[in-house]
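Report on the following structure.
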Amino acid sequence: MAMAMRLPAIARAATEMAAAPVGLRRLFCSNATNFSFLSPQANSETPARPQADPSTNLFVSGLSKRTTSEGLRTAFAQFGEVADAKVVTDRVSGYSKGFGFVRYATLEDSAKGIAGMDGKFLDGWVIFAEYARPREPYRPQNNMPPSPYGNRY
DNA sequence: GATGAGCGC
């Protein structure tokens, strides 16, 4: 009586893969898009920089809502030593925001992580892996506006 | 989640 009938995981994955824009990202986001290095003397400054500076920290977007930090770490650990992996979730709802961060132990590991995971599938979604920008500066969490009823939070 | 580009506490 229980309707526990489910499609096999392979069937669900195939369905999602068929709908996912696998080759689409190369049209506007590719690692080979930056050709500015072809003119070494012409660009003392490169204002148009799609990717951030190389770092051990990676920004991963396009994640499935079901992907957790552990799944993120497991996937990226195939290409290097992962020091930290985190899926960003909403503080109040707890749901994944669909992106996260992966910090590798070394720069070469992070480079291999991008090469190995960027544009690949994770939980049925095409994910984008790139170097993360430097994080927001630390901010004391005492910026709560004063309340006439008292600060309880 | 019913939200699908993005840069976290």
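Each chain gets a letter, A, B and so on, in the order the sequences are listed, and its residues count up from 1.
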Discussion item. Tell me if the side-chain of A/Asp90 makes a donor-acceptor pair with the base of B/dG8, cut-off 3.5 Å, by modelled atom types.
Written reply: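 No, no donor-acceptor pair under 3.5 Å.
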
Got a list of side-chain donor-acceptor pairs under 3.5 Å for residues 82-89 of chain A, not counting sequence neighbours?
none

Practice prompt. By nearest nucleotide on DNA chain B, pick out whichever of A/Ser93 and A/Gly62 is the more 5' one.
Written response: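 Looking at the nearest nucleotide for each, A/Ser93 comes out on the 5' side.
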
Discussion item. On DNA chain B, does the nearest nucleotide to A/Ser64 precede the nearest nucleotide to A/Arg135 from the 5' side, or the other way round? Give the residue.
Written reply: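 Whichever sits nearer the 5' end wins; that is A/Ser64.
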
Fill in: Partners meeting side-chain hydrogen bond (donor to acceptor under 3.5 Å, both in side chains) with A/Ser64 (sequence neighbours left out)
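Listed in chain order: nothing, the list is empty.
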
Integer-rounded Å distance: [N] [atom2] and [X] [atom1]:
{"X": "A/Arg103", "N": "B/dC7", "atom1": "CZ", "atom2": "C1'", "answer": "13 Å"}
{"X": "A/Leu63", "N": "B/dA5", "atom1": "CG", "atom2": "P", "answer": "14 Å"}
{"X": "A/Tyr131", "N": "B/dG8", "atom1": "OH", "atom2": "P", "answer": "20 Å"}
{"X": "A/Asn57", "N": "B/dG8", "atom1": "CG", "atom2": "P", "answer": "11 Å"}
{"X": "A/Arg133", "N": "B/dC9", "atom1": "CZ", "atom2": "C1'", "answer": "18 Å"}
{"X": "A/Ile127", "N": "B/dC7", "atom1": "CD1", "atom2": "C1'", "answer": "15 Å"}
{"X": "A/Lys97", "N": "B/dC7", "atom1": "NZ", "atom2": "C1'", "answer": "10 Å"}
{"X": "A/Phe99", "N": "B/dG8", "atom1": "CZ", "atom2": "P", "answer": "6 Å"}

Worksheet item: With a 4.0 Å cut-off on heavy atoms, is A/Ser96 in touch with a base, just the backbone sugar-phosphate, or nothing at all?
Response: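 A/Ser96: base contact, heavy atoms under 4.0 Å.
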
Discussion item. Give the residues of residues 77-88 of chain A touching DNA chain B, defined as any heavy atom closer than 4.0 Å, sorted by residue number.
Written reply: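 Per residue number, the list reads A/Lys86, A/Val88.
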
Worksheet item: Which nucleotide in the list B/dG4, B/dC9, B/dG6 gets nearest to the side chain of A/Phe59?
Response: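 Closest nucleotide among those given: B/dG6.
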
Worksheet item: Of the nucleotides B/dG8, B/dC9, B/dG4, which has the atom closest to the A/Phe101 side chain?
Response: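 Out of B/dG8, B/dC9, B/dG4, the nucleotide with an atom closest to A/Phe101's side chain is B/dG8.
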
Worksheet entry | Residues clustered with A/Leu107, ILVMFWY side-chain links under 4.5 angstrom |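 A/Leu107 shares its hydrophobic cluster with no other residue.
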
Worksheet entry | ILVMFWY cluster membership beyond A/Val92 - transitive side-chain contacts under 4.5 angstrom |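 Hydrophobic cluster check, A/Val92: no partners found.
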
Discussion item. Among residues at least two apart in sequence or on other chains, which ones pass salt bridge (charged side-chain N to carboxylate O under 4.0 Å, His left out) with A/Lys112?
Written reply: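 Listed in chain order: A/Asp109.
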
Worksheet item: For the rings on A/Phe99 and A/Phe59, is their centre-to-centre separation under 6.0 Å?
Response: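 Close enough - the centres of the two rings lie under 6.0 Å apart.
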
Discussion item. If you define the side chain from C-beta out and look only at heavy atoms, does anything of A/Val126 sit under 4.5 Å from A/Phe121?
Written reply: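 They are in side-chain contact.
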
